[in-house]
Number of protein chains: 2
Amino acid sequence: MTARRAASARATINDVAAVAGVSRGTVSRVLNSEAYVSDAARSAVTDAISKVGYVRNSAARNLATRQSHAVGLVVHEPHSLFLEDPNIGSILLGINSALSDADYQLVSLVIDSERDSHRVAEYLSGGFVDGVIIVSARAHDPIAKVVAELGIAAAFVGHPVDIEGIPYVGIDNFSAAKAITTKLKETGRRRIGMIAAGLDRDSGQDRMAGFRAALGDAFDPDLVITTPLYAHTSGIDGMRLLLDRAPDIDGVFAASDAMAAGVLDVLREVGRSVPGDVGVVGFDDSAWATRAQPPLSTVHQPAGQLGRRAAESVLAQLRGETVDTAGIFLETAIVWRDSA
Amino acid sequence: MTARRAASARATINDVAAVAGVSRGTVSRVLNSEAYVSDAARSAVTDAISKVGYVRNSAARNLATRQSHAVGLVVHEPHSLFLEDPNIGSILLGINSALSDADYQLVSLVIDSERDSHRVAEYLSGGFVDGVIIVSARAHDPIAKVVAELGIAAAFVGHPVDIEGIPYVGIDNFSAAKAITTKLKETGRRRIGMIAAGLDRDSGQDRMAGFRAALGDAFDPDLVITTPLYAHTSGIDGMRLLLDRAPDIDGVFAASDAMAAGVLDVLREVGRSVPGDVGVVGFDDSAWATRAQPPLSTVHQPAGQLGRRAAESVLAQLRGETVDTAGIFLETAIVWRDSA
DNA sequence: TTGTATGCGTTATCAT
DNA sequence: ATGATAACGCATACAA
């Protein structure tokens, strides 16, 4: 057996109009639920629609309205994002949910190569989408720049440090980091270190600042290890360094659960108990946190809401509303488990 | 500061034609790299294109050609898939890569509600996409049925048990399961159990059959625990049951790494060493495998290739080629680590 | 090799 | 409240 292509001719508005005994204009009006349609005409049209099995042709509609009824989601570095970022899935679901409610289609634009980057840039300027959502852009992001210059409706999830004038939604990383560090301190720790990452984004900077604020005078810059990636291996390397610099360390704040898991591995390796000898806290409340031994105390991010709010911002812009670009910050919650 | 909407009028083929001093037809020809265009005309057109900053309007093109140059990826159960399935990210990347090469746009259609399901079904019949790829459909999947009836170009990643006539690409679950079970047996184990899942798909059935085939006469149906989900908790529950039924068990094949990790947790809890007392093997070669203590011996899936081949099948159908629907099976590899 | 004319299926404008 | 009719921007068959 072999596969075949689509066939059957599709019904058009003309067919519907003919069956309903009205004009195309009237059909179009009921399709777009406009006013000024008689009940008789309306029911005749809806009957005809189901009778001929009409479904509207989007290409023609997009051409006529100059809108695509689609919103793009730009996904950079898909490898690290899809395989490492614990929140991306929930963010995507939140976006889809909001868009779905408004009958917009989500189009995922994944950038996995230089070629993709060009294609997507062209895609965005080509009218394929009415708006765009960008997740975790880095500084000097070329696509983000294109979007800013184009003036297309857009929103960021997470805020790139070098782009202004585009609304964004994120969490208050500073307060969250400060809160969990404070809680860690309150378990009686005296020498607390941090493994910081992603300093090329606001989020990374703010987590570090929150840590520092929580410690106040007790803050020791030597006890802060910085690393580019939020990866498991970064946690391992970071903890080794920390142990070198301060053998008497008794508390660690890792800026991600993945890194915190690495910290745990090193601690087990050198025979220090958790939370007995050392208290460890993470960030994200990802699968890493529940999987770890012991399960991690960490910061929960409202990932789904992050996506939903970003989508709603784009939708509002599309409706012509004026949107504040100051940034929306969603509440986080501390989840206290057994690692501290 | 406030955000604004798109503005600037876009250049059309007419503008290009005017600047280049040729007709629209000629411009269209060089755009589609057809033959019968003089070098002079071609270079004049390309110059004009960059001069006026022309980018083609897809809606108009789609309307004229009656094609969308887009392929949909239907993603069901996004929660479990994005949050649990270790391979979905790589599959998506493989699809995108193949589509990108052919200048097709990937459109992710996520189904997260009844409403989504209807929208997507309509979307598919509405000419928004030329083809569709469906990942891990279950039996009685409504979307899969719509696709089958529509006769639209399509391919499955993984094979739903009740749909015929649509090409699919997957791995040889039977052989893979048989191979890793055999290898586990060869480490000297005598009482080997299995935790099976996803029996509503070919993949789940085949893994169980492979396990049985590897054991031959030593196969004991009492040592096979079946569970619907490939989840971590399923592994925990399954291992407890197994321990009840066969306290002398010394080997376990879990049908996913997530479940194998659960097995490990239970074993640690009851004080049995791995791989000393019990040898454990998983399936997927996901992050679970490397994160586990000890790291899991498991079956590696060529996830990226899975996606790529499915996309290529759809592309071939779109070119009008006849495609075999017998199923394509990709090679797996055993990754031997420390858990057995 | 190139230009012209027509059609793709909607929406939107203007009469009626 | 409804019906004609003109865009929308491109591809393409046909003529030249």
Side-chain angles (χ1 to χ4, degrees), chain A residues 6 8-46 48-49 52-70 103 105 122-123 125-128 130, chain B residues 6 8-46 48-49 52-70 103 105 122-123 125-128 130:
Chain A
S8 59
R10 241 172 270 292
T12 75
I13 276 198
N14 277 321
D15 303 328
V16 176
V19 172
V22 299
S23 74
R24 297 200 304 257
T26 300
V27 174
S28 180
R29 277 182 280 261
V30 342
L31 244 27
N32 298 299
S33 51
E34 286 174 18
Y36 299 117
V37 187
S38 69
D39 289 351
R42 185 181 305 279
S43 64
V45 168
T46 52
I49 284 177
V52 304
Y54 169 82
V55 358
R56 80 148 53 90
N57 178 313
S58 61
R61 183 197 202 197
N62 295 348
L63 180 59
T65 60
R66 289 108 164 274
Q67 298 202 344
S68 66
H69 284 263
D103 253 306
Q105 176 61 43
E122 179 165 316
Y123 198 85
S125 32
F128 288 72
D130 297 335
Chain B
S8 60
R10 243 173 268 293
T12 74
I13 276 198
N14 277 320
D15 304 327
V16 176
V19 172
V22 298
S23 75
R24 302 199 304 253
T26 301
V27 175
S28 181
R29 265 164 233 141
V30 342
L31 244 27
N32 299 299
S33 51
E34 287 176 18
Y36 299 117
V37 188
S38 68
D39 290 350
R42 185 181 305 279
S43 64
V45 168
T46 52
I49 284 177
V52 304
Y54 169 82
V55 358
R56 80 147 54 90
N57 178 312
S58 61
R61 182 197 204 200
N62 295 348
L63 181 58
T65 60
R66 286 107 164 274
Q67 299 203 340
S68 66
H69 285 262
D103 254 307
Q105 177 59 42
E122 179 165 316
Y123 198 85
S125 31
F128 288 72
D130 297 333

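Numbered from 1 within each chain, the chains take letters A, B, ... in sequence-line order.
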According to a strict under-4.0 Å criterion, is B:Asn62 in side-chain N/O contact with OP1 or OP2 of D:dC10? no
Using only atom types and a distance under 3.5 Å, with no angle test, would you say the side chain of A:Asp15 pairs donor to acceptor with the backbone of A:Thr12? yes
Could you check how far CG of A:Asn14 sits from P of D:dG3, rounded to whole Å? 13 Å
Separation of atom OH in B:Tyr54 from atom C1' in D:dG9, rounded to whole Å: 8 Å
Got B:Val37 and B:Val45 here, is their nearest side-chain heavy-atom distance under 4.5 Å? no
At under 4.0 Å between heavy atoms, what does A:Thr12 touch on the DNA or RNA strands: base, sugar-phosphate, or nothing? sugar-phosphate
Separation of D:dA4 C1' from A:Arg24 CZ (nearest whole Å): 8 Å
Whole angstrom is fine here: how far is it from CD1 in A:Ile13 over to P in D:dT5? 17 Å
Between P of D:dG9 and CD of B:Gln67, the distance in whole Å: 22 Å
Along DNA chain C, 5' to 3', what are the outermost nucleotides having an atom less than 4.0 Å from a heavy atom of chain B? C:dT1 to C:dG9
Starting from the 5' end of DNA chain C, give me the residue, B:Arg42 or B:Arg66, whose nearest nucleotide shows up first. B:Arg42
In this structure, how many angstroms lie between the C1' atom of D:dT12 and the CG atom of B:Leu63, rounded? 13 Å
Contact between A:Val27 and A:Tyr54 at the side-chain level, heavy atoms closer than 4.5 Å - yes or no? no
Is a side-chain N or O of B:Ser28 found less than 3.5 angstrom from the main chain of B:Arg24, in a donor-acceptor match? no
Which part of the nucleic acid, if any, lies within contact of A:Ala59, taking any heavy atom under 4.0 Å across all strands shown: a base, the sugar-phosphate backbone alone, or nothing? nothing
Nearest 0.5 angstrom please: A:Leu31 CG to A:Thr46 OG1, how far? 10.5 Å
Which atom pair, heavy atoms only, marks the closest approach of B:Ala17 to B:Ser23? CB-C, 3.8 Å
If the cut-off is 4.0 Å, is A:Ser23 near the phosphate of D:dA4, judged by side-chain N/O to OP1 or OP2? no
Decide yes or no on side chain to side chain contact (heavy atoms under 4.5 Å, CB included) for B:Arg56 and B:Val16, but give the supporting numbers first. CA-CA 11 Å; B:Arg56 80 147 54 90; B:Val16 176; over 6 Å; no
